[in-house]
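Below, each value reflects all heavy atoms present in this structure, side chains not excepted, and no hydrogens, waters or symmetry copies.
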Amino acid sequence: MLRMFKIARKYMRLYGIFIKNCLIAQMEFRGNFMMSLLVESVYLLAKLLYVLVVFRTDLHVDGIPPEGLLLFIGMHTVVTGIYVGLFFTNFTKIPEYIKDGSLDLMLTKPVSLQFMASLRYVDLALPIPDILVGFVMIGIGWHAMDIPLTFLQFAGFILLLLVSVVITYCLMIIPALLSFWFVQTGSVSEIAHSVWDANNFPMAIYPAWVRRIGTFVIPLFLITNFGPMFLLGQLSWLYAGLAMAGSLLLFAVVRLIWKQAVKGYSSASS
């Protein structure tokens, strides 16, 4: 147990260094930093038009009023910000590492190769608008639906938010992992991002067979739905625990795929 704690502390300290270095690099070009904020804010503004349509049409989904739908849209927006800030840049670089041999240098580092390749870069500009506005929407929906702000409610929601982040990491890294076996995986990434954008509403809008696939086969719906469903009383602690166990199992599977991919990796520089 003590050894695991030391390892976790080591990686947390290393990740803190990554964040610090990325912040220094981005602050050297403040114009680019501000432009990224502006571009993402404009994109977010276009996304908020959905919210306006929901309220103007008084849209109800499976008995959930527009105020309740804010929880789902806000959850999707927050996790999108986290994905863009922590994972997107790294996942797009993995195929480049494989093609130009940069992965060879990472293999020599005394830390996990997966950690280095998938978490090295942090974008501190793009996620700010999404995370801020997403939490504001969640707060408004939470208050409007008269959901009690208790420790258990808050803890359950944070737990399911962490589950969402883990599942996001696992699902969205898979197109990058395919680069170990295939030269071009851009089309797979585009499909993944298109499916991602379809997950900003309750899964009740889809047929039952789609919901089953999106929950038990490719657990995409867990990302946006389980947190808000827990707050609305539609999800018990048992299912929250099962979601956590499922996310850890999915991470173990991705970890296994990563190890198999690295085993078959042939250096591009030799």
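To the nearest 0.5 Å, atoms CG (Leu86) and CG (Leu126) are separated by 11.5 Å. The CE atom of Met116 sits 7.5 Å away from atom CG of Leu105, with the distance rounded to the nearest 0.5 Å. Here the CD1-SG distance, from Ile218 to Cys170, works out to 13.5 Å after rounding to the nearest 0.5 Å. Interatomic distance, Phe226 CZ to Leu159 CG, rounded to the nearest 0.5 Å: 12.0 Å. Here Leu231 contributes atom CG and Ile138 contributes atom CD1; the two are 8.0 Å apart, rounded to the nearest 0.5 Å.
In summary, the side chains of Asp104 and Tyr265 do present a donor paired with an acceptor at a separation below 3.5 Å, with no hydrogens or angles considered. Side chains of Thr80 and Trp196: a donor-acceptor N/O pair is present below 3.5 angstrom, by distance only.
Counting all heavy atoms, side chain and backbone alike, Ser247 lies closest to Val166 at O-CG1, 3.7 Å. When every heavy atom of Ser118 is checked against every heavy atom of Phe87, the shortest pair comes out as O-CD2, 4.5 Å.
Aromatic pair Tyr169/Phe91: centroids less than 6.0 angstrom apart. Checked against a 6.0 Å centroid threshold, the rings of Phe115 and Phe18 count as neighbours.
Summarising the local packing, NE2 of His60 is surrounded by more than 12 heavy atoms from other residues, nucleotides or ligands at distances under 6.0 Å. Atom OH of Tyr11 is surrounded by more than 12 heavy atoms from other residues, nucleotides or ligands within 6.0 Å.
Of the residues listed (Phe154, Tyr239, Trp237), the one engaging Phe230 in a ring-ring contact (aromatic ring centres under 6.0 Å, His included) is Trp237, and it is the only one.
Under the 30°/60° scheme for interplanar angles, the aromatic rings of Trp142 and Phe157 are found to stand perpendicular.
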